[in-house]
Amino acid sequence: MIVTRFHKWCGFILVLLLCFERSTNGKENKKGIREVEIDKRSSTTVLYTVEVTTADVAWAGTNADVFIQIFGENSNTSTVRLTKSGTNLFERGHDDKFVFVDQAVKGRLTKVGIKRNDEGLWDDWKLDIVTVKPGGSYVYKFAFNEWIPANKWIYSYGG
């Protein structure tokens, strides 16, 4: 008898909890399927598409390793090496496209930092424009139009 009443109360409490959860966690559509809103801004990583345009002037291309860091209003990405296998990158007048995943930058993008090392036979490099598109967001263009010195961060505050 006591066990039966205990099971009835447990069942009653379970039904109440389920009803409470149902009323506070999303809403049902006409077909009885619960729709729950997900805050996409709380994502911790983002797919970035970056296009780097090397200037179209004599000796503008480089064989050096190139690194990028993207800055937002409240945070920034880590330093990312821009690389692709099987291609000759950063040649005169060429656009090189890169896709990578890194931590989400909070707020709109404010600046981009570019650095190269002094590796390779031809390491001088004249950078024209960097275009950044965080996944599902606006496209930001950062104009450089300058020679990038070895082992020094150069920033563009475009956007």
Side-chain angles (χ1 to χ4, degrees), residues 20-159:
F20 178 75
E21 183 212 275
R22 185 175 211 168
S23 66
T24 59
N25 190 12
K27 54 186 172 186
E28 276 189 19
N29 64 15
K30 293 178 182 178
K31 295 180 182 177
I33 299 172
R34 184 178 328 285
E35 296 174 350
V36 178
E37 280 188 42
I38 298 173
D39 186 4
K40 293 180 182 175
R41 294 172 292 176
S42 66
S43 299
T44 56
T45 59
V46 170
L47 181 72
Y48 291 93
T49 303
V50 174
E51 188 173 317
V52 177
T53 304
T54 300
D56 193 7
V57 297
W59 308 103
T62 187
N63 293 333
D65 297 322
V66 175
F67 304 87
I68 189 169
Q69 191 170 20
I70 302 167
F71 295 83
E73 293 172 326
N74 300 316
S75 63
N76 55 279
T77 65
S78 58
T79 300
V80 176
R81 180 177 174 220
L82 299 177
T83 185
K84 278 197 247 183
S85 62
T87 58
N88 204 2
L89 301 174
F90 313 114
E91 295 298 314
R92 174 184 173 176
H94 285 213
D95 298 326
D96 295 299
K97 195 172 193 175
F98 305 91
V99 177
F100 60 89
V101 174
D102 205 284
Q103 64 190 23
V105 172
K106 306 293 187 219
R108 68 179 189 82
L109 302 187
T110 56
K111 71 178 178 178
V112 165
I114 293 284
K115 179 175 93 168
R116 70 166 177 87
N117 60 20
D118 55 2
E119 297 295 318
L121 186 58
W122 312 107
D123 65 330
D124 290 342
W125 184 42
K126 186 166 186 185
L127 174 60
D128 191 16
I129 294 176
V130 173
T131 304
V132 179
K133 183 180 186 304
S137 182
Y138 298 106
V139 174
Y140 297 87
K141 291 193 179 236
F142 297 90
F144 283 84
N145 196 30
E146 65 181 290
W147 290 93
I148 306 298
N151 302 313
K152 181 178 177 189
W153 284 101
I154 302 297
Y155 299 97
S156 173
Y157 296 84

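Remember, it's a predicted structure, so these values are computed and weren't measured experimentally.
F90 has its side chain out of reach of L127: every pair of non-hydrogen atoms, C-beta onward, lies at least 4.5 Å apart. The shortest distance between side-chain heavy atoms of V66 and V52 does not fall below 4.5 Å. Contact of the L89 side chain with the T62 side chain is not registered, since no non-hydrogen atoms from C-beta on lie closer than 4.5 Å. Between V80 and Y48 the shortest side-chain heavy-atom distance does not fall below 4.5 Å. Contact annotation: the side chain of L109 approaches that of P134 to within less than 4.5 Å [non-hydrogen atoms, C-beta and beyond]. In this structure the side chain of R116 never reaches within 4.5 angstrom of the side chain of N63, judged on heavy atoms. For the pair N151/N117, a side-chain contact is recorded, criterion being any heavy-atom separation below 4.5 Å from C-beta on. You'll find the side chain of T83 stays beyond 4.5 Å of the side chain of D65, heavy atoms only.
Taking NZ from K115 and CH2 from W153, the interatomic distance works out to 5.5 Å, rounded to the nearest 0.5 Å. Distance check: T77 OG1 to Q103 CD gives 6.5 Å after rounding to the nearest 0.5 Å. The OG1 atom of T79 sits 4.0 Å away from atom CD of Q69, with the distance rounded to the nearest 0.5 Å. Interatomic distance, OG of S78 versus CD1 of I68, reported as 11.0 Å (0.5 Å rounding). For the atom pair OG (S75) and CD1 (I70), the distance works out to 11.0 Å, reported to the nearest 0.5 Å. Of the inter-residue distances, the one linking Y155 atom OH with F142 atom CZ reads 13.0 Å to the nearest 0.5 angstrom.
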Side chain to side chain contact (heavy atoms under 4.5 Å, CB included) between T131 and V139: does it pass, once the steps are laid out?
CA-CA 7 Å; T131 304; V139 174; 3.4 Å; yes

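When the shell of 6.0 Å around NZ of K97 is examined, it contains 12 or fewer heavy atoms from other residues, nucleotides or ligands.
The aromatic rings of Y140 and Y138 sit perpendicular to each other, their planes meeting at more than 60°, with 30° as the lower class boundary.
For I154, the side-chain contact (heavy atoms from CB on, under 4.5 Å) criterion is met by F144, E146, I148, P149, K152, not counting sequence neighbours. Qualifying ring pair (Phe, Tyr, Trp, His ring centres under 6.0 Å) partners for W59, counting only residues two or more places apart in sequence or in other chains: W122.
Here the closest non-hydrogen pair linking T54 and A60 is CG2-O, 3.6 Å.
Classification of R92 and D56 as a salt-bridged pair holds, one side-chain N sitting under 4.0 Å from a carboxylate O. Contact check on R108 versus E73 returns a salt bridge, with a Lys/Arg side-chain nitrogen under 4.0 Å from an Asp/Glu carboxylate oxygen.
Judged by the 6.0 Å and 45° rule, K84 forms a cation-pi pair with F98.
Pairs of residues two or more places apart, or lying in two chains, never qualify as salt bridge (charged side-chain N to carboxylate O under 4.0 Å, His left out) while including a residue from residues 126-135.
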